[in-house]
Amino acid sequence: MPELPEVETIRRGVDANFRGAEIAEADVLHQRAVRRQAEGGEFFAQSLAGARITGSSRRGKYMWLTLDSGQALLCHLGMSGQFHAVTEKIPAHRHLRIALRFTDGRELWFVDQRTFGGMEVTEMADGLPERISHIAPDVFDPAYDADRAVERLRAKRSEVKRVLLDQGWVSGIGNIYADEALWRAGLSPVRSGHRVGTAKAADLLSHVTDVLTEAVTAGGTSFDELYVNVNGESGYFDRSLNAYGRAGQPCRRCETVMRKRVVGGRATHHCPHCQR
DNA sequence: AGACAGCCCTGATTGC
DNA sequence: TGCAATCAGGGCTGTC
């Protein structure tokens, strides 16, 4: 499940391999992958033909490739999206949705089993693709304001786990790293945002930053073949998980049996004793 | 306006 | 054995 660390790992891989490369052709094999493109799949393909990739960036779980046309190729991996760098002639992947063919003969494949992900060509506005102006800065963004984030968290009456998954105040946190940050902070996932003190909220956000930083260093978290980097390699942060997937096992801090429950419609793993 | 349920989707797993 | 129900979940949409 790609969250910020996985998206960042993939962005780096795509950038290292394809910055400066010129797209000859974009082949859309599944229309759902371009459903966000209001102008349609034809527009998508036409906008990319002949475009050169000049760089890449990311906000939260969205990444984009900047193009010499001034536009951006905006990508969201959804639940199962992957990019594969293809340098030799191989049969199409079973879940290949979009193939970018480059003038040097290489291809960049967007593979997505569950089709929650997608791509679109969009205009840039103030250094950001227009379509994601509603996505808040993530904790690594120079525009991220920690004090303001603390206040916004404390203004919410929802359960703090729900709040962490909301991309509108701070982005990039998904289900896995939300559970990890809450465990590290010793905070119950169902505590209301407005019942989290200022110092505790700041503590939680610093744990968010730490866990995301460590996960980027580890190349992300892989449970199965649904997350690999652009070269097909897995991340190894799953070995460092203290909460996610540990229901029924002893808490690594207090030995209490970890529990699983549903919060905000998402599986939530927590220690009922030391997360308060 | 903020909160939240519902929906999209495939494949592995579980249940009868 | 086979089919159906369940689960995984990011983010957009519609409703209150």
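Residue numbers start from 1 in every chain, and the chains themselves are labelled A, B, ... in the order their sequence lines are given, proteins ahead of strands.
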Please tabulate, for the side chains in residues 41-49 of chain A, all donor-acceptor contacts under 3.5 angstrom to protein atoms that are two or more places apart in sequence or on a different chain.
from  : atom 1 : to    : atom 2 : distance (Å)
A:S47 : OG     : A:F43 : O      : 2.7

* To do: In whole angstrom, give the distance that lies between atom NE2 of A:H93 and atom C1' of B:dT10.
  => 13 Å
* To do: Give the rounded distance in Å between these two atoms: CZ of A:R114 and C1' of B:dC7.
  => 16 Å
* SB check A:K61 A:E3 (cutoff 4.0 Å) -> no
* Taking only the side-chain nitrogens and oxygens of A:T115, find out if one of them lies under 4.0 Å from OP1 or OP2 of B:dC8. => no
* Counting any heavy atom closer than 4.0 Å, what does A:R131 reach on the DNA or RNA strands: base, sugar-phosphate only, or nothing? -> nothing
* What's the CG-C1' distance between A:D166 and B:dA1, to the nearest Å? -> 13 Å
* Asked: Mapping A:A267 and A:R36 onto DNA chain C by nearest heavy atom, which one lands closer to the 5' end?
  -> A:A267
* Within the structure shown, what part of the strands sits under 4.0 Å from A:R157 by heavy-atom distance: base, sugar-phosphate, or nothing? -> sugar-phosphate
* To do: In plain terms, say whether A:R32 and A:D112 are close enough for a salt bridge, that is, a side-chain N and a carboxylate O under 4.0 Å apart.
  => no
* Structure fact -> One would report the end-axis bend of the helix from B:dG2-C:dC16 to B:dC16-C:dG2, five pairs per end and rounded to 10 degrees, as 50°
* **From CA spacing to verdict: salt bridge (charged side-chain N to carboxylate O under 4.0 Å, His left out), A:R59, A:D141** => CA-CA 8 Å; A:R59 167 172 281 200; A:D141 196 314; 3.3 Å; yes
* Asked: Is it the case that A:R58 places NZ or CZ above or below the six-membered ring of A:W64, under 6.0 angstrom from the centre and within 45 degrees of the axis?
  -> no
* Roughly how many Å is it from CZ in A:R94 to C1' in B:dT10, rounded to a whole number? -> 9 Å
* Do other residues, nucleotides or ligands put more than 12 heavy atoms under 6.0 Å from A:R35 CZ? -> yes
* **Between P of B:dC8 and CZ of A:R32, the distance in whole Å** => 9 Å
* To do: Ignoring backbone atoms, test whether A:H95 places a side-chain nitrogen or oxygen under 4.0 Å from the OP1 or OP2 oxygen of B:dG11.
  => yes
* Asked: Any luck finding a side-chain donor-acceptor pair between A:R252 and A:N242 under 3.5 Å?
  -> yes
* To do: Could you tell me from which nucleotide to which nucleotide of DNA chain C, 5' to 3', there is an atom under 4.0 Å from chain A heavy atoms?
  => C:dA8 to C:dC12
* So what does A:Y177 hit on the nucleic acid, given a heavy-atom distance under 4.0 Å: a base, only sugar-phosphate, or nothing? -> nothing
* Protein-nucleotide distance (A:L153, atom CG; B:dG2, atom P), rounded to Å -> 15 Å
* To do: Tell me, yes or no, whether the heavy-atom count around A:H273 atom NE2, taken from other residues, nucleotides or ligands under 6.0 Å, exceeds 12.
  => no
* Between A:R162 and A:R266, name the one whose nearest nucleotide on DNA chain B is closer to the 5' end. => A:R162
* Pick base, sugar-phosphate or nothing for A:H30, based on heavy-atom distances below 4.0 Å to the nucleic acid. => nothing
* To do: Take atom NZ of A:K156 and atom P of B:dA1, then tell me their distance rounded to the nearest Å.
  => 14 Å
* Between the side chains of A:S188 and A:R276, does any donor sit under 3.5 Å from an acceptor? -> no
* Between A:D210 and A:R184, does a side-chain contact (heavy atoms from CB on, under 4.5 Å) hold up when you go through it step by step? -> CA-CA 10 Å; A:D210 288 349; A:R184 289 187 181 202; 4.0 Å; yes
